[in-house]
Amino acid sequence: MTITRFAPSPTGYLHIGGLRTALFNYLWARNQNGKFRLRIEDTDLKRNKEEATKAILEAFEWVGMNWDDEVVYQSERFDVYKKYVEQLLKEGKAYKCYLTSDELKEYREAVQKGLEPPFDIRKYRDFEGELDKDYVIRFKAPLEGELVLEDGVKGRVTHQIQPSDDFVIARSSGVPTYNFVVVIDDHEMGMTDIIRGDDHLTNTFKQMLIYNAFGWDLPKFYHVPMIHNEKGQKLSKRDGAVNVMEYKKDGFLPEALLNFLVRLGWSYGDQEIFSMEEMIKLFNPNDINTAPSKYNYEKLLWLNHHYIKNTPNQKLAELLKEDFGIDIQNHDKLEILLDEVKDRSQTLKEMAEIIDNILTPPSEYNEKAVKKFIKENTKEILAKFVEFIKDKELHLPTDWHDVLMEEFIPQQGLKPKDIMPPLRICMNGDTKGIDLSALLAILGKDEVIKRIQKFLS
RNA sequence: GGCCCCUUCGUCUAGCGGUUAGGACACCGCCCUUUCACGGCGGCGACACGGGUUCGAGUCCCGUAGGGGUCACCA
């Protein structure tokens, strides 16, 4: 059975790069009728936040990605890791390293500047006996050789073993490190396919060494290229709206966000729109691209607009109430209103603003519009119109359309622009907006008259 | 700097030795329309560069350039 996972560290919210990785793993597991599991990588107790874990799970809930089995917390598994560290120690596959943190700092700085290392990091590799000072435990990698990874995305990638492959597997506090526990957990959780960002590519070789040391089978790896920011760099928390839950606040639909993300680095011919069912059916990690992609907000907006237009009005009304405090669920012209507003909103937030603008009487009138359309006889015409409709039954947009176009305008010898733009100004303060007949129908005759009279006074 | 990865329109991408290099977003124009949108039609616009291999290269190989990732007692 195919088992995949998403394994975030709870240092903050879930960001969209992580969500895409999770989505790929989720889709592949569902495609294969396998399992998709969640693991919280909280071995670094200093940085671990309970709140962050909650936020991550909340984001999963919002987008509707459900996971299988219990969530695994690494912080609850220290005993397990300890056992494996001791095993390696006993088998001579790991060793105590007494290098001080100052020495290591010096080493690190030199290496990152591109200088020759000041000493051999493997100094204590063959050291016999014990020293009475703090130590970390390092993995004893082979001294030379080549590792070959058959990556599902990148193809064959090779790595020459180097001194730094003697990496720390347990801190002086005894807490094991990432590259070690990942292997233990992935193995014990039965992972068969690991889809993750290609920033992990170098980690993978360290992890392969651990798999080898325990004699475990390697899962299939897929290293997916990063999502880049505008500057072409790895997306980071400084890059604006990367928190998944921000999208909810901004009025995005989760299906739009997922559809957007699945097309970053993956495609199926020319198809742009994918329902969750289609994604599950069509997704295959072998089809993931090799090149990084850039985040394209305009396309997300387009997709969101598409999904808004295809969402039932009752559902939209629900979301508008929950997320934006716009309560129109019991409005008698709900369908007309939302049909009109949907076409001109890319987000729920925009919908909320437009609806609010329609339903709230104008507090001011656009100066330019007034100057252009309100002539000396306009007020007279509007007053006549009020009289004209006073005793009529007007409900649907077609009623309003007819009373204007078939009756009032021809009978008064007017042109449409003598009355229609002014009516808009009376209703909403401006000449732009939804279809006028629809607008009048939504507001209803009493409100229409009220707003005209307000303007006249 | 070492190691590794990457390179088709501005952006997301199709392409898997022979294509007028296709689609989508954005942008521009036209049509529809009593406004604004929606929608329809059309336009602009790309194989980083240089060598090979081949009858033939966006597709294969090698360089160059550019970009990115990574080198922690973080994950």
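Convention: sequence-line order gives letters A, B, ...; per-chain numbering from 1.
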For [X], report the nucleic acid contact type (base, sugar-phosphate, nothing); a contact means any heavy atom under 4.0 Å.
X      : value
A:V157 : sugar-phosphate
A:H401 : base
A:E272 : base

Roughly how many Å is it from [atom1] in [X] to [atom2] in [N], rounded to a whole number?
X      : N     : atom1 : atom2 : result
A:M351 : B:C36 : CE    : C1'   : 15 Å
A:I355 : B:C36 : CD1   : P     : 21 Å
A:N366 : B:U35 : CG    : C1'   : 13 Å

*With a distance cut-off below 6.0 Å to the six-membered ring centre and an angular limit of 45° from the axis, does A:K123 pair with A:Y98 as a cation-pi contact?*
no
In whole angstrom, give me the gap between the [atom1] atoms of [N] and [M].
N     : M     : atom1 : value
B:A57 : B:G50 : C1'   : 15 Å
B:C47 : B:G40 : C1'   : 31 Å
B:C62 : B:G43 : C1'   : 40 Å

_RNA chain B: 5'-proximal contact among A:R263 and A:P421 (nearest heavy atom)_ = A:R263
*Assign the ring pair A:Y124 / A:F127 to parallel, tilted or perpendicular, where the plane angle (0 to 90°) is split at 30° and 60°.*
perpendicular
*In terms of ring plane angle, is the pair A:F119 and A:Y107 parallel, tilted or perpendicular, where the classes change at 30° and 60°?*
tilted
*Salt-bridge test for A:R5 and A:D186: reply yes if a basic N is under 4.0 Å from a carboxylate O, no otherwise.*
yes
*Look at the side chain of A:N296 against the base of B:A26 and say whether a donor-acceptor pair falls under 3.5 Å; ignore hydrogens and angles.*
no
